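Structure first, then comments.
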Amino acid sequence: MAWAFLFAAGLLEIGWAIGLKYTEGFTRPVPSVLTLAAMAASILLLGLALRSLPIGTAYAVWTGIGAVGTALLGIWLFDEPATAARLASIGLIVSGIVGLKLVT
């Protein structure tokens with residue numbers, strides 16, 4: 001169950017990271033409230049996962065999911081560059097997440 005909490009927390013991290021772009025500096029009320037709610041829920045789920053997962057593993061996986069998802073959505077939603085080096089770097093992060101899951 002801890003890994004499910006952690007995965008959901010990572011997805012919510014993607015949501016709030018992308019949401020920050022839509023808040024326009026927290027000047028837009030609806031995106032701001034949704035972003036803050038995603039932040040709170042992400043931290044809550046991370047905390048629940050930490051009941052049984054090591055902090056180093058959980059935090060690295062949480063931030064890794066957030067980084068990969070945010071980078072990919074940045075490419076898709078905001079036309080950020082999808083260079084070979086960038087995609088390879090994203091792949092390395094995914095490899096690290098998988099590696100941490102396998103050894104924990």
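Fair warning: this is a prediction, and the values are worked out from it, not measured in the lab.
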Check: Rounded to the nearest 0.5 Å, how far apart are CG of L72 and CG of L87?
Finding: 7.5 Å
Item checked: Within-4.5 Å side-chain heavy-atom neighbours: L46 and L6 -> yes
Next item on the list: Report the C-alpha distance between F5 and L50 in whole Å, list the side-chain angles of each, state the deciding distance to 0.1 Å, and finish with yes or no for side chain to side chain contact (heavy atoms under 4.5 Å, CB included).
Entry: CA-CA 9 Å; F5 287 145; L50 287 173; over 6 Å; no
Next item on the list: Work out which heavy atom in A60 is nearest to a heavy atom in T63; give both atom names and the distance.
Entry: O-OG1, 3.2 Å
Note to self: Between S42 and A38 (side chain of the first, backbone of the second, donor and acceptor by atom type, cut-off under 3.5 Å), is there such a pair?
What the structure shows: no
Next item on the list: Would you indicate whether the side-chain heavy atoms of I97 and W62 approach each other to under 4.5 Å?
Entry: no
Check: Which atom names give the shortest non-hydrogen contact between I14 and G69, and what distance separates them?
Finding: CD1-CA, 3.5 Å
Next item on the list: Looking only at non-hydrogen atoms, find the nearest pair between A9 and L45 and report the distance.
Entry: CB-CB, 3.7 Å
Note to self: Is there a path of hydrophobic side-chain contacts, each under 4.5 Å between heavy atoms, that joins I65 and L102?
What the structure shows: yes
Note to self: Can you confirm whether E80 sits close enough to R86 that some side-chain heavy atom of one is under 4.5 Å from a side-chain heavy atom of the other?
What the structure shows: yes
Next item on the list: Return the minimal non-hydrogen interatomic distance between L53 and A58, and the atom names on each side.
Entry: CB-CB, 4.2 Å
Note to self: Measuring from atom CG of L20 to atom CG of L36, what distance do you get when rounded to the nearest 0.5 angstrom?
What the structure shows: 8.5 Å
Notebook entry, point to check: Would you say the side chain of M39 lies within less than 4.5 Å of the side chain of L44, judging by non-hydrogen atoms?
Noted result: no
Item checked: Partner residues of V33 under the side chain to side chain contact (heavy atoms under 4.5 Å, CB included) criterion, sequence neighbours left out -> none
Check: Does any N or O in the side chain of T70 come within less than 3.5 Å of the main-chain N or O of A67, such that one atom is a donor and the other an acceptor?
Finding: no
Next item on the list: Tell me, please, which residues at least two apart from S52 pass side chain to side chain donor-acceptor pair (under 3.5 Å).
Entry: none
Check: Do the side-chain N and O atoms of T104 and W3 include a donor-acceptor pair separated by under 3.5 angstrom?
Finding: no
Next item on the list: Write down the atom of G74, the atom of I18, and the distance for their closest heavy-atom approach.
Entry: N-CD1, 4.4 Å
Checklist line | Non-hydrogen side-chain atoms of F7 and V61 separated by less than 4.5 Å | finding: no
Checklist line | Same apolar cluster (I L V M F W Y, side chains within < 4.5 Å links), L12/V30 | finding: no
Next item on the list: For residues W16 and L34, determine if any side-chain heavy atom of one lies less than 4.5 Å from a side-chain heavy atom of the other.
Entry: no
Next item on the list: Give a yes or no on whether W76 and V94 share a hydrophobic cluster (residues Ile, Leu, Val, Met, Phe, Trp, Tyr; joining criterion: side-chain heavy atoms under 4.5 Å apart).
Entry: yes
Note to self: Using only atom types and a distance under 3.5 Å, with no angle test, would you say the side chain of R28 pairs donor to acceptor with the backbone of Y22?
What the structure shows: yes
Checklist line | Distance-minimising heavy-atom pair for P81 and I75 | finding: O-CG1, 3.7 Å
